[in-house]
Amino acid sequence: MTTPTRKPAGRVPGWVKVVGSVVLLLAVLFAGIRMSVLPGLKDLFGTETRDRSGPALLESIQDISRYDAATGNFQVVVDLEKDAKFLPDAVRGSRTLYVGAGTVDAYVDLGRLGQGDVRVDDERTSATLRLPHARLGTPALNPERSYAVSRQRGLLDRLGDFFSDNPNSEQAVQKLAVRHIGDAAKESGLTTRAETNTTEMLEGLLRSLGFEKVRVTYGD
């Protein structure tokens, strides 16, 4: 009587080995692309960008009565460091050196003029205008002139960026850059320059209309 042969216990089928090898290969290729350790893979598995955005919708229209009289161009170097308690920087922490460039407008709101803020004599040869003081607009960061100089991250932060949909986010340093640019604009004398330019503009305009004497003052 022939004893039937038995298959060794725990033997993995051949097709499982093939699938596992393919999965392992894809994982290595993907990691190589993300970490840039295998040159040429980005070109081999390059992605094509397509803009499938819908048309922009007009939500509202606002009338603007302000006169933009001056613009300041600013640049700031942001050095942002984040440390974790009880962990060395090599494990958890980050430091980003970022150059932020932006502009701030200074304007005079002509829409705030009251009935008694503009006075003209009977001969229409003299005019007196009282305008509100110039104000600063919202700082605008220029993405084409702003960039990260260096970025240092701990091991845990690098792993977090690897699995994140938005790695290496620069939102924090951008907000700091905007804040520093706004603070610099307040100390730059930009509003004084805007009032000077507004005065020159109004004097030239009114004199071209026949006024011989034009006086422009500012006050809230």
Side-chain angles (χ1 to χ4, degrees), residues 53-82 95-149 151 166 168-220:
S53 307
L57 301 178
L58 177 62
E59 294 184 349
S60 63
I61 296 178
Q62 295 179 341
D63 295 331
I64 298 177
S65 59
R66 74 183 197 181
Y67 173 66
D68 291 330
T71 299
N73 298 294
F74 299 88
Q75 186 179 78
V76 60
V77 178
V78 178
D79 189 352
L80 179 62
E81 184 176 4
K82 295 183 179 180
R95 183 176 180 179
T96 304
L97 195 63
Y98 182 84
V99 176
T103 58
V104 179
D105 293 334
Y107 66 92
V108 176
D109 190 358
L110 301 179
R112 296 177 56 196
L113 292 178
Q115 185 175 2
D117 292 332
V118 179
R119 298 179 181 179
V120 179
D121 64 350
D122 296 336
E123 292 78 13
R124 295 185 61 83
T125 58
S126 176
T128 302
L129 294 85
R130 177 181 172 86
L131 307 179
H133 280 296
R135 296 184 176 185
L136 295 175
T138 303
L141 199 64
N142 188 343
E144 296 182 356
R145 297 174 51 211
S146 304
Y147 56 92
V149 177
R151 185 182 296 109
N166 186 24
N168 304 332
S169 176
E170 296 179 348
Q171 185 176 8
V173 289
Q174 289 176 350
K175 287 184 177 180
L176 275 178
V178 169
R179 190 179 72 182
H180 290 316
I181 289 175
D183 293 339
K186 296 177 183 178
E187 305 296 333
S188 64
L190 193 58
T191 53
T192 302
R193 180 69 173 271
E195 292 180 0
T196 300
N197 294 341
T198 302
T199 299
E200 293 177 355
M201 182 272 296
L202 291 175
E203 287 178 348
L205 175 63
L206 294 177
R207 286 196 173 95
S208 67
L209 296 177
F211 289 89
E212 299 176 358
K213 183 179 179 180
V214 180
R215 182 169 181 264
V216 180
T217 61
Y218 294 88
D220 294 329

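Since we're looking at a predicted model, the values are computed, not measured. In what follows, residues are counted from 1 in the order of the sequence shown.
- Of the inter-residue distances, the one linking D109 atom CG with R66 atom CZ reads 8.5 Å to the nearest 0.5 angstrom.
- Considering every non-hydrogen atom in both H180 and V78, the closest pair reads CD2-CG2, 4.3 Å.
- When atom types are taken as modelled, the side chain of Y218 and the backbone of E195 share a donor-acceptor pair closer than 3.5 angstrom.
- Here the OG1 atom belonging to T196 is positioned 12.5 Å from the CE atom belonging to M201, to the nearest 0.5 angstrom.
- Screening L206, T199, L110, V120 for a side chain to side chain contact (heavy atoms under 4.5 Å, CB included) involving L129 leaves a single residue, L206.
- By the salt bridge (charged side-chain N to carboxylate O under 4.0 Å, His left out) test, R179 is found to be paired with no residue, residues two or more places apart in sequence or in another chain being considered.
- Atom CZ of R207 is surrounded by more than 12 heavy atoms from other residues, nucleotides or ligands within 6.0 Å.
- Closest of all the heavy-atom pairs between A194 and A69 is O-CB, 3.2 Å.
- A heavy-atom distance below 4.5 Å is found between the side chains of L141 and I181.
- Closest approach of A177 to G100, counting heavy atoms only: CB-CA, 4.3 Å.
- Counting heavy atoms from C-beta on, the side chains of P139 and F74 never come closer than 4.5 Å.
- The distance from the OH atom of Y147 to the OH atom of Y98 is 10.0 Å, given to the nearest 0.5 Å.
- For S146 (side chain) and P143 (main-chain N/O), no donor-acceptor pair under 3.5 Å exists by modelled atom type.
- In this structure, the side chain of D105 does not engage the main chain of G137 through any donor-acceptor pair within 3.5 Å.
- Of the candidates V77, D79, L97, T96, V149 forms a side chain to side chain contact (heavy atoms under 4.5 Å, CB included) with just one, namely L97.
- Residues P132 and L113 come closest through the heavy atom pair CD-CD2, 4.1 Å.
- Closest approach of R112 to D117, counting heavy atoms only: O-OD2, 4.1 Å.
- K213 contributes atom NZ, which lies 12.5 Å from atom CD of E123 (distance to the nearest 0.5 angstrom).
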Steps toward side chain to side chain contact (heavy atoms under 4.5 Å, CB included) verdict (H133, T191): CA-CA 8 Å; H133 280 296; T191 53; over 6 Å; no

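- Nearest approach of A106 to L136, heavy atoms of both residues: CB-CD2, 4.1 Å.
- For N142 (side chain) and A101 (main-chain N/O), no donor-acceptor pair under 3.5 Å exists by modelled atom type.
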